[in-house]
Amino acid sequence: MENFTFYSPTYFVFGKEQENHAGKYVKRFGGTKILIHYGGGSVIKSGLMDRVKKSLDSEGLRYVELGGVRPNPRSGLVYQGIDLCRKENVDFILAVGGGSTIDSAKAIAAGTVYDGDFWDFYKGKPVTKALPVGTILTIAAAGSEGSPDTVITHEDGMFKRGASGEALRPAFSILNPALTQTLPPFQTACGIADIMAHLFERYFTNTKDVEVTDRMIEALLLTMIHEAPRVMEDPNHYQARANIMWAGMMAHNNSCGVGRSQDWASHDIEHELSALYDCAHGAGLAVVFPAWMTYTMKHDVSRFAQLAVRVWGCQMDFANPEATAKAGINALKRFFKSIGLPSNFKELGAREDDIDRMAQTACFGNGRQGTIGGFLKLNKDDVANIYRLMI
Ligand code: NZQ
Ligand code: ZN
């Protein structure tokens, strides 16, 4: 295990009807003038927004609103949010929605207190200062409710890039699994794929002796494999939703990633797809991951075989560990298919003609230096080959 520091100050409030206490938590974490940030309207339709406002009103808190965050959130609304926060002297941002809304809120939070262009953070400048952000999560997926990360697409060039900094960890996050019961099945499945992807990105490491985090990741993957069919069959299954929601937070607040190198090439490869075709991030990952695994498997066959045996219940073939590793990848493919996720370019709406362009942008765009991935470094040709495995 490598040396590490871990700071995860988010105050989590988990369970039924907890959104009704949003005002109390905003006050506790210093908010007096709030920006309520939300997406395309699901939170209005479900009645959640009314309950949140009632809670803020009951605490005597003043607020302004900015809706319209779209999946794969864009820079344009971030600039608008920064202007609004400055004009209205906002001192706390409350994100009500999914990862896209939370990420947009984090970008506004960092940009409002920064003199330069907020996009500097998405070119690699660490975020050290931001307005406090609170979240009320409506989809278990991105893990932004506990992470120090935000992902935004810049409309100028359609670069989808991430920024990070401990200042971006939410002050509090309210997680009521019942709020996720209104999700369409496809979005639920996309969330499941994203959560599993966050675990895979950490599992594939070159660091030795990381038994505790290996086992934590395996436990969370087993939970997802157990709960996914239950929630797909019965969208109102509160307990299955509850386990998925907490797994989603644990998968990405980095408690499973400390002390070990991580990969993240699959996310970089996927971000090109969602930037270009506006597909759901989780759907893109369901196509990318099996291809990335197939391409990189030989780098450490025993790690892939370990995953196959411990998580997918495959029989270890000691004479041919590669066969075991492949069986694990096939099990993952079958699992994604069973919950209605796409498995190739066509089902995702992606085009073979764009492969070179995407590989170029993934490796060189927006200041990148030519390779991606921490487990196995991939150059432009490797990335193009991985895209070809998805056709
Ligand atoms: O916009 P509304 O109307 O709210 O509808 C959303 C949206 O259409 C809908 N939805 C959310 N909760 C709902 C609901 N519909 C009905 N009932 C509910 N309870 O679902 C759609 C998707 O929402 P979105 O916020 O885009 O989903 P998700 O949480 O998957 O976020 C995806 C974004 O997060 C980024 C991705 O790249 C993508 O841009 N990521 C952020 C990370 C982070 N900050 O740490 C890490 C991830 O790896 C990821 O890259
Ligand atoms: Zn993700």
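All residue numbers refer to positions in the sequence shown, counting from 1. Only heavy atoms go into these numbers, but all of them, side chains included; no hydrogens, no water, no symmetry mates. Every number for a ligand or one of its atoms is a count from 1 in the order of the listing.
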ring-ring contact (aromatic ring centres under 6.0 Å, His included), paired with W292, selected from F204, Y387, F200: F204
Per atom 30 (O) of ligand 1, closest listed option by heavy atom (A141, S46, P184):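 Comparing heavy atoms across A141, S46, P184, the nearest one to atom 30 (O) of ligand 1 lies in A141.
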For atom 48 (O) of ligand 1, the option (of E270, H198, E145) bearing the nearest heavy atom: H198
For [X] and [Y], which I'm curious about, is there any donor-acceptor pair between the side chains at under 3.5 Å?
X    : Y    : value
Y295 : D382 : yes
K106 : S144 : yes
N176 : E19  : yes
Q306 : Y203 : yes
S173 : Y11  : no
N243 : H226 : no
Y114 : D120 : yes
S104 : H37  : yes
S55  : N20  : no
S302 : D300 : yes
R28  : H21  : no

Counting heavy atoms only, which part of [X] comes closer than 4.0 Å to ligand 1: side chain, backbone, both or neither?
X    : answer
A142 : both
V43  : neither
D103 : side chain

For ligand 1, which atoms have a heavy atom of [X] less than 4.0 angstrom away?
X    : result
Q187 : 20 (O), 21 (C), 22 (C)
T182 : 16 (C), 17 (N), 18 (C), 19 (N)
S147 : 43 (C), 44 (N), 45 (O)
D194 : 47 (C), 48 (O)
G39  : 1 (O)
P73  : 39 (O)

N, O or S from H252 under 2.8 Å to the Zn ion (ligand 2):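 It does not; every qualifying atom lies at 2.8 Å or beyond.
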Does ligand 1 have any atom sitting under 4.0 Å from a heavy atom of [X]?
X    : answer
G191 : no
K45  : no
Q181 : no
V151 : yes

Quick one: look up the protein heavy atom nearest [atom] and list residue, atom name and how far away it is.
atom                    : result
atom 8 (O) of ligand 1  : P71 CG, 3.7 Å
atom 28 (P) of ligand 1 : G99 N, 3.7 Å
atom 33 (C) of ligand 1 : S100 OG, 3.5 Å
atom 38 (C) of ligand 1 : K160 NZ, 3.6 Å
atom 12 (N) of ligand 1 : T138 OG1, 2.8 Å
atom 4 (O) of ligand 1  : S42 OG, 2.7 Å
atom 14 (C) of ligand 1 : L183 CD2, 3.4 Å
atom 2 (P) of ligand 1  : G40 N, 3.4 Å

Minimum-distance N/O/S atom that H281 presents toward the Zn ion (ligand 2): NE2
Which atom of D194 approaches the Zn ion (ligand 2) most closely (N/O/S): OD1
Parallel, tilted or perpendicular: rings of H154 and W119 (30°, 60°): perpendicular
Aromatic plane relationship, Y25 with F172 - under 30° parallel, 30 to 60° tilted, over 60° perpendicular: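 The arrangement is tilted - the two ring planes meet at 30° to 60°.
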Check against salt bridge (Lys or Arg N to Asp or Glu O under 4.0 Å), E88 and K33: CA-CA 8 Å; E88 296 285 340; K33 180 77 184 278; 2.9 Å; yes
Any non-hydrogen protein atom less than 4.0 Å away from atom 6 (C) of ligand 1: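 Protein heavy atoms within 4.0 Å of atom 6 (C) of ligand 1 - there are none.
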Heavy-atom protein contact below 4.0 Å for atom 23 (O) of ligand 1: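 False for atom 23 (O) of ligand 1.
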Lys/Arg N to Asp/Glu carboxylate O, R169 vs D149, below 4.0 Å: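 Salt bridge between R169 and D149, a charged N being under 4.0 Å from a carboxylate O: no.
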Donor-acceptor under 3.5 Å (R260 side chain, M1 main chain):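 Side chain of R260 to backbone of M1: no pair is present.
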Contact (N/O only, under 3.5 Å) between G41 and ligand 1: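 N/O-N/O distance below 3.5 Å exists for this pair.
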